[in-house]
2 protein chains.
Amino acid sequence: MTPAEENYLKTIYHLGKVSNQAVTTNSIAEQMDTKPSSVTDMIKKLSEKGLVHYKKYQGVSMSDQGNKIALSIVRKHRLWEVFLMEKLNFAWDEVHDVAEQLEHVQSEKLIEKLDRHLGFPRFDPHGDPIPSKSGKVLQVEKVLLSACDTGDKGIFVGVNSSSTEFLQYLDKLNLVLGDRIEILFKESFDDSLQIKAKGQKVTLSGKAAMNIYIQIDEL
Amino acid sequence: MTPAEENYLKTIYHLGKVSNQAVTTNSIAEQMDTKPSSVTDMIKKLSEKGLVHYKKYQGVSMSDQGNKIALSIVRKHRLWEVFLMEKLNFAWDEVHDVAEQLEHVQSEKLIEKLDRHLGFPRFDPHGDPIPSKSGKVLQVEKVLLSACDTGDKGIFVGVNSSSTEFLQYLDKLNLVLGDRIEILFKESFDDSLQIKAKGQKVTLSGKAAMNIYIQIDEL
DNA sequence: ATATAATTTTAGTTGTATCTAAATTCATAT
DNA sequence: ATATGAATTTAGATACAACTAAAATTATAT
């Protein structure tokens, strides 16, 4: 597996996860900041290797074999993110780009030893689950803040974007993974939210609310 | 800088270090397990970038700029080797191949934070000095065992090969970096050596002696 | 001094991953 | 039902880094 192939598999995996249907050529190109024709080329290659299911003009989806590989890359990426934050004291908005490179280092032994060194973490610094060696992914019942209503309460368990700008924005708001959040008021006009976290009132734009996951309290 | 360019620079740096004269195309090809024609191509490229000095048929040598880059790669390689051994408990014969990949990860911040995390080590697990951020290399007065004579005493400070076979051979002999070594007898017939280390007598072949560095006791 | 051998370079090819521009197929709107 | 536009694929080109085979240069040996 080349880094390019791995990156395509990872992207197709992620896009397929959110949409739950065949992934389009254009969406892959946009996500990877490349051209649709390049995507078609690579899809053919992955298809011939049996890593994705593909029919011309009908989009792609992961094969079992491709899924396994994608999960192993996601596992590596997230373990490295934990390492960078926990051991090297990177800020959570800095880890993504470096992990993008580290995830392509080829060594089973390395990643298993890293996993042990980190104490077998189950979530990365952005709240995303770390797939197990065998490819199992813990699924937490999480909901986008934008899908919540006035009065809902829960715990901030994940973000929908790992962009530097967004993560630094959360830092400014003093919002940290694990914070207890209560929705005080939802403005239907622009979908902005008034929330309470750590005893403080905060206003979130609709866009921000679409990038924050909470785990709603059980009844 | 691509990984390929970095690997060439590193190889030319190492070969230039031992010979102290222009490095030949063939020696680079042999070292990198590639063909001389491929080497010529890359040398031209590096030369155009001003990273090496090159005249057709006359071999190459490092430019100041190339030297700086080579040293930064060596620095990364050796810091990762320390990390793999100290933090992840790799054996010293396993670290080289993984470090070969990790050294190409591009992030100044990563390597500085790794350096701090490791406590600013000055030597790697094979006894080689780790270049400083600014490119300074601690030079230890070390001598090949094969160049020593009966009666010489010193400390085992480095190896001349990082091959798995050789390092595991040393493990079998129970010889560890830092061991005090005394040369009991040098057989001039085949250059084999009788040495004493940790109170035990050991016989070393001439070939083994050419891969072990000791720092001879000061008078 | 010159023939022979070794080394190095050149020329042309291959595989990977990208691109642009053009052609094809699909979706949709009247 | 067909025209229009969007999405996708194909065809052909480029850059990188390797290769083989042949040519050019340097080293060496008689």
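Bear in mind that the values here come from a model prediction, so they are computed numbers and not experimental data. All chains are named by letter (A, B, ...) in the order of the sequence lines, taking the proteins before the strands, and each is independently numbered beginning at 1.
The side chain of A:K35 places no N or O atom within less than 4.0 Å of a non-bridging phosphate oxygen (OP1 or OP2) of C:dA21. Between B:Y54 and C:dT8, a side-chain N or O to OP1/OP2 separation shorter than 4.0 Å is absent. In this structure, A:Y8 reaches the C:dT18 phosphate: one of its side-chain N or O atoms is under 4.0 Å from OP1 or OP2. Look at A:T34 and you'll find a side-chain N or O under 4.0 angstrom from OP1 or OP2 of C:dC19. Residue B:T2 places no side-chain N or O under 4.0 Å from the OP1 or OP2 atom of D:dC16.
To the nearest angstrom, C1' of D:dG5 lies 13 Å from CG of A:N26. Put simply, CD on A:Q58 is 6 Å from P on C:dC26, counting in whole angstrom units. Atom NZ of B:K55 is separated from atom C1' of C:dT7 by 18 Å (rounded to the nearest Å). Distance CG (A:D41) to P (C:dT20): 13 Å, rounded to an integer number of Å. Counting to the nearest Å, the C1' atom of C:dT18 and the CE atom of A:M32 are 12 Å from each other. In this structure, A:E48 atom CD and C:dG15 atom P are separated by 13 Å, rounded to whole Å. Following rounding to the nearest Å, B:K44 (NZ) and C:dA11 (P) show an atom-to-atom distance of 8 Å. Atom NZ of B:K56 is separated from atom P of D:dT26 by 10 Å (rounded to the nearest Å).
Side chain of B:Y57, nearest nucleotide from D:dT8, D:dT25, D:dA18: D:dT25.
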Item to complete: Go through B:D124 and B:W80 one step at a time and tell me if the side-chain hydrogen bond (donor to acceptor under 3.5 Å, both in side chains) criterion holds.
Response: CA-CA 9 Å; B:D124 79 4; B:W80 279 118; over 6 Å; no

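B:F83 and A:F83 have their aromatic ring centers within a separation under 6.0 angstrom.
If you check distances only, the side chain of A:S37 does reach the base of C:dT20 with a donor-acceptor pair under 3.5 Å. Put simply, the side chain of B:T40 and the base of C:dT10 share no donor and acceptor less than 3.5 Å apart.
Judged by a 6.0 Å distance limit and a 45° cone about the ring axis, A:K44 is not positioned over the six-membered ring of A:Y54.
Salt bridge B:R75/B:E103: absent, no basic N to carboxylate O contact under 4.0 Å.
A donor-acceptor contact shorter than 3.5 Å is absent between the side chain of B:Q31 and the backbone of B:L15.
Here A:S38 lies in heavy-atom contact (under 4.0 Å) with a base.
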